[in-house]
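A quick write-up on the structure given underneath.
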Number of protein chains: 2
Amino acid sequence: MDDPTPEPSSGPSRRRGAVLEEAILRAAVEELTESGYAGLSMDRVARRAGTNKNAIYRRWPSRAALGVAAYRRLAEVELRPPDTGELRGDVLALLRQINCDLSSSRSDILRGLLAGVGDDPELLTQLREQINQGGAGVWLTVLGRAVARGEVRPEALHPRVATVAVTLLRNEYVTQGITSVTDGVLVEIVDEVYLPLVRARGSTAG
Amino acid sequence: MDDPTPEPSSGPSRRRGAVLEEAILRAAVEELTESGYAGLSMDRVARRAGTNKNAIYRRWPSRAALGVAAYRRLAEVELRPPDTGELRGDVLALLRQINCDLSSSRSDILRGLLAGVGDDPELLTQLREQINQGGAGVWLTVLGRAVARGEVRPEALHPRVATVAVTLLRNEYVTQGITSVTDGVLVEIVDEVYLPLVRARGSTAG
DNA sequence: TTTCTTAAGGTACTCGAAGTACCCTAATAG
DNA sequence: CTATTAGGGTACTTCGAGTACCTTAAGAAA
């Protein structure tokens, strides 16, 4: 209750450098997942890490900076492009993977951070990178294979087109909240928007 | 500097009810536009309105509630569907209108609010309504006319399809920030995504 | 006009959290 | 073995949200 995880009977062993940094970051990640960014207090993180605020401020200049660092650690997810042999399967697989990822209350944390970061351009950039989830790369890969199979028109191999599906999914979280993003929504995004878009042939007339 | 706008020499005239409420809300809107949600302090709003915190708390239960109320006042924009006789013109006109609206630092305020609202479902709902900008209605109107002209396949008359353009625009603000949303981006959204999507014919094959 | 009720003004408070200062002490480099 | 570095402890300042309480004006009713 009072003793998070210090060395119990080793006397006054004192962590330094990378070890302590790790402990702080882990504590911050835990606080972030439990209480969100609003509940991320420097004192609590310090206590949880078995240290004090000084050690934190020696590494991160502000609460926002610590928050972003912790979030990046928290959101480290590798997005491997699936290969089901068919575009629809690939896209759905990717969307489900990302949706799973977004549902875990991480979107709340992200919302909090986006605001808390305020006008710090450095932190804002770091966060935007996280939001992009690996960028267009994965989508272009999947789409490229579909083009090779003749499933998709070649002009669809364009970052803005390729990422439309995940963009719509992200939008659901912003405008509707977590509750409404069921698997049915994913299917709808794929069947009503994404597939018609990338398959669209002809009618380039203005 | 010290005297926002009280009656100067009318003696102790004291505003009440709706008049005072208006004054507070106006002050809050001003603070919000000048300093964003982060800088919206109850004391400052009170001073600016020429009153004190009590009068505010008697009307709104929290800073977040006041912030949302002020934002709603700030974001009251009527979105009339244009009618240029051609879908591309209509869509671009709408996007430009909305973009104009979003650029004005309102997106920063909104970011702040979305976080500040925290877990209050009531306030969150109010904000989401604002984000939706009149919902799919305007888009369905514009698209409906295009369907009537034979420009667009009838199945595109679907909320999720109809609003794709504004969704992508919104996404730009989240992932890239204000700087990158030039008119070229709007054109790209329309020509690379929206028009191909709503025109797409055939290829409903699985 | 007088009185009563309601709501505004003024002020001072508590509480929590960010960020800072300072001194003491353990770890490690030389 | 000593000097330097960095962590530990703690107390502090500052700021803002939200609350309490009393005084006083506005407006309605008698």
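Computed over heavy atoms, backbone and side chain alike; hydrogens, waters and symmetry mates excluded. Convention: sequence-line order gives letters A, B, ...; per-chain numbering from 1. These numbers come from a predicted model, not from an experiment.
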Report all interatomic pairs (protein N or O, nucleotide N or O of nucleotides 21-23 of chain C) with separations under 3.5 Å.
unit_1 : atom_1 : unit_2  : atom_2 : d
C:dA21 : N6     : A:Asn54 : OD1    : 2.8
C:dA21 : N6     : A:Asn54 : ND2    : 3.1
C:dC22 : N4     : A:Asn54 : ND2    : 3.3

[X]: partners by salt bridge (Lys or Arg N to Asp or Glu O under 4.0 Å), with sequence neighbours left out:
X: A:Arg88; answer: A:Asp191
X: B:Glu151; answer: B:Arg149
X: A:Arg59; answer: A:Glu21
X: A:Arg145; answer: A:Asp83

Which whole-number value in Å describes the distance from A:Leu20 CG to D:dA6 C1'?
9 Å

From CZ of A:Arg15 across to C1' of C:dA26 the rounded distance in Å is 13 Å

Among residues at least two apart in sequence or on other chains, which ones pass side-chain hydrogen bond (donor to acceptor under 3.5 Å, both in side chains) with [X]?
X: B:Arg26; result: none
X: B:Glu122; result: B:Gln126
X: B:Arg111; result: B:Asp108
X: A:Tyr173; result: A:Asn99, A:Ser103

Can you list every pair that meets salt bridge (charged side-chain N to carboxylate O under 4.0 Å, His left out) and has a residue in residues 172-185 of chain B, with sequence neighbours left out?
A:Arg160-B:Glu172, B:Arg96-B:Asp183

Any donor-acceptor N/O pair, B:Tyr194 side chain to B:Thr163 backbone, under 3.5 Å
no

When you measure from the side chain of B:Arg15 to the backbone of B:Ala23, do you find a donor-acceptor pair of N or O atoms at a distance under 3.5 Å?
no

Nearest-nucleotide check on DNA chain D, A:Gly17 vs B:Tyr57; residue mapping nearer the 5' end is A:Gly17

Looking at DNA chain C, which of residues 60-74 of chain A put a heavy atom within less than 4.0 Å of it?
A:Ser62, A:Arg63

Under 4.0 Å from any atom of DNA chain C, heavy atoms only: list the residues of residues 25-43 of chain A that qualify, in numerical order.
A:Leu40, A:Ser41, A:Met42

Under 4.0 Å, heavy atoms only, any strand: does B:Arg59 hit a base, just the sugar-phosphate, or nothing?
sugar-phosphate

Ranking B:Ala55 and A:Lys53 by the position along DNA chain C of their nearest nucleotide, the one closer to 5' is B:Ala55

